[in-house]
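Inspection log for the structure reproduced underneath, given as structure tokens.
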Amino acid sequence: MGVLLSVLNEDFGQILADPETIAALATTGSDGSVHVAFKGSFCLREDGNLEYDEVIEASQTNKNLVYSIWFGKTVSISFLAKDHRSFLVIGRPVRALVSGREFREHYVAIRGRLGDVDLSTVWIIEPVSVCEQSFEKRRTEEENAHPLFRHLDRLAVSGSGL
Amino acid sequence: MSYDRSHTGAWREKELSLRQVMEKYPEVSPFVIIKTDAQRRGVEYADRALAAVDPDIHLTKVRSDYSNKEDLTPVSLMMRDGTSICTSVDVGGNTSSGRDPYLVDVVDGKVVLVDENRVIEEVSYWEKPDFHEKETSRGTPMWHVVSVRPQRLCIHPHQHCDYWKTPGHGCKFCAMSAVYHSGNKPELLDVRDIVESVAEAIKEPGRNVNIFLTGGTLCGGENFLDDEVNYYEEILGGITKLFGGRRFPSQLISTAFSFEQLRRLYDNTGLTSYTADIEVLNKDLFAWICPGKAATIGYDEWKERLCRAVEIFGKGNVNTGLVVGVEFATPNGFENEDEALESILAEADELSSCGVGVVGCVWHVSPVSIFKKQISPGLEYYVRLAKGFDRIRRKYGINVDMDNYRRCGNHPDTDLGRI
């Protein structure tokens, strides 16, 4: 968790707080289908967990998050920052806040931000792995890790005379 | 399996353990299974758990139809997934459920459920609403008038029951009359107190999602039960004004009213859903366990009234509750779990085909009820029945919005509807 936390704490919180960051939450339900939805309310908590405000009680995302916390399944969240860096967080839902003081703070805040909406659940998601998935970073990493995974024309020396 | 009715301390050897049930039913939420067992067996609090209670934050005082407490034990618990545990406190390890209760303790800084020295799951205490310590204009403490669950306002206007006033007519599992006589509660709540308390309670942002009313039967009136209908109509009418005359998320659990009585209630108030608890789905057992209901309305008529209520409130807005487990009460109850399941699920299917949902409450044997020496069934039975009710509701497309984990929280089977 130490490495995870350091990755998350460096500038990840700022990326999450940036309204131009795009987040896609992928969950699975009891039938095994993958559901992906773009979400706009992820935050990084002081303990290194993520929190996410689910507005719609009966949404497929919410059902799948319940399924995940019930049966110990993970979810995937992809973040795309405005500078085109991207991050993938694999996480495990560990708590669903549906009432109480903390829930109320979120309820008031999201209504302040979005107007007359409801709030179903504040989901607390514990990251189990984090990696940066920005294209150049990932391409470099993979070519270093798998030097055989490339077409020969990229390696051929032009003007060799043969 | 045949059910062992002995009251020895060796109950663990005679039924599947929590762990075994969770392993046998991996498709059922472990949270729901734990909740079911905690409600079945009850809980007691370790000193460390009581030290973690902050009466300024946590809900400790409650006055309702079945409760009247002012001590500093938490009213109840919530799990990490938002599931409420509506549990009873067995002070001093009272084994009224026939088994020893779970222990609520603090381990590694977390409040947890413990059984046989093993941490089972983290829990938290229900929190207190803003209105709780306020008083009405008549000086009545609002918590005397409106009790709460984490997301629900509960009003119990008639805190006694007319069936208990006729010898032999009280429901045999019911503690309402004993609780009433042991305390200082008024029999009837003042309507102004109720409306003022609700008006104050609904100011709190993000707290309440449902207003719930239930109480004991009031038999009198021009027609049978008119007094009860009139009382609810007056209360609901006052509350409806708080919502500008519009319908609002609400549930009434009452005696089974006639079609005309229900129509009046629906037309004149903002009530959205209706429940009339049949308690046990078996005609002979109903007559034995609920003699007052059987003598004044009858089993078949009770069912008929539920089905007709769907014409008024719509499918998904009418249901009936069972006290799951009383069907095994001796000497007249089922002796075999398979037979009980088959019979009860068949009747639940029949009711559901009319659009009536069937929901179960876990029977925690009350030490002040007629059935105080009875013992509830094993955990596995509750899980099997909850699965059955969930399957039937899905078959008939009956949603559980009116009585789900947020709006009630007392039914393991409706918890299963979350996914």
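Note that these values count all heavy atoms, side chains included, but never hydrogens, waters or copies made by symmetry. Just so it is clear, the structure is predicted and the values come from calculations on it, not from any experiment.
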In terms of heavy-atom proximity below 4.5 Å to chain A, should [X] be classed as side chain, backbone, both, or neither?
X        : answer
B/Asn399 : neither
B/Val28  : backbone
B/Glu122 : side chain
B/Pro26  : backbone

Specify the closest pair of heavy atoms between [X] and [Y], including all atoms of both residues, with the distance to one decimal.
X        : Y        : result
B/Leu416 : A/Trp70  : CA-CH2, 4.0 Å
B/Arg80  : A/Val94  : NH1-O, 2.8 Å
A/Lys63  : B/Arg418 : CG-O, 3.4 Å
B/Gln151 : A/Val98  : OE1-O, 3.1 Å

**Check: A/Arg101 main-chain N/O paired with B/Glu127 side-chain donor or acceptor under 3.5 Å** =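 Side chain of B/Glu127 to backbone of A/Arg101: a pair is present.
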Contact part of [X] toward chain B, heavy-atom cut-off under 4.5 Å: side chain, backbone, both or neither?
X       : answer
A/Val66 : both
A/Phe71 : side chain
A/Glu57 : side chain

**Prompt:** Can you list the steps and then say if B/Met78 with A/Ser99 is a side chain to side chain contact (heavy atoms under 4.5 Å, CB included)?
**Reply:** CA-CA 10 Å; B/Met78 180 169 275; A/Ser99 73; 3.9 Å; yes
Is [X] atom [atom1] crowded by more than 12 heavy atoms from other residues, nucleotides or ligands, each under 6.0 Å away?
X        : atom1 : value
A/Lys39  : NZ    : yes
A/His146 : NE2   : yes
A/Arg139 : CZ    : yes

**Request:** Considering only heavy atoms and a distance below 4.5 Å, find which of B/Gly206, B/Gly82, B/Ser124, B/Pro150 pairs most often with chain A.
**Result:**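 Counting heavy-atom pairs under 4.5 Å, the top option is B/Gly206.
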**Contact winner vs chain A - B/Glu204, B/Arg406, B/Lys128, B/Glu27, heavy-atom pairs under 4.5 Å** =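 The option with the most such pairs is B/Arg406.
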Distance check, rounded to the nearest 0.5 Å: [X] atom [atom1] versus [Y] atom [atom2]?
X        : Y        : atom1 : atom2 : value
B/Asp130 : A/Arg104 : CG    : CZ    : 4.5 Å
B/Asp81  : A/Ser68  : CG    : OG    : 12.0 Å
B/Ile419 : A/Asp31  : CD1   : CG    : 10.0 Å

**Complete:** Ordered numerically, the heavy-atom neighbours of chain B under 4.5 Å found in residues 109-120 of chain A are A/Leu119, A/Ser120
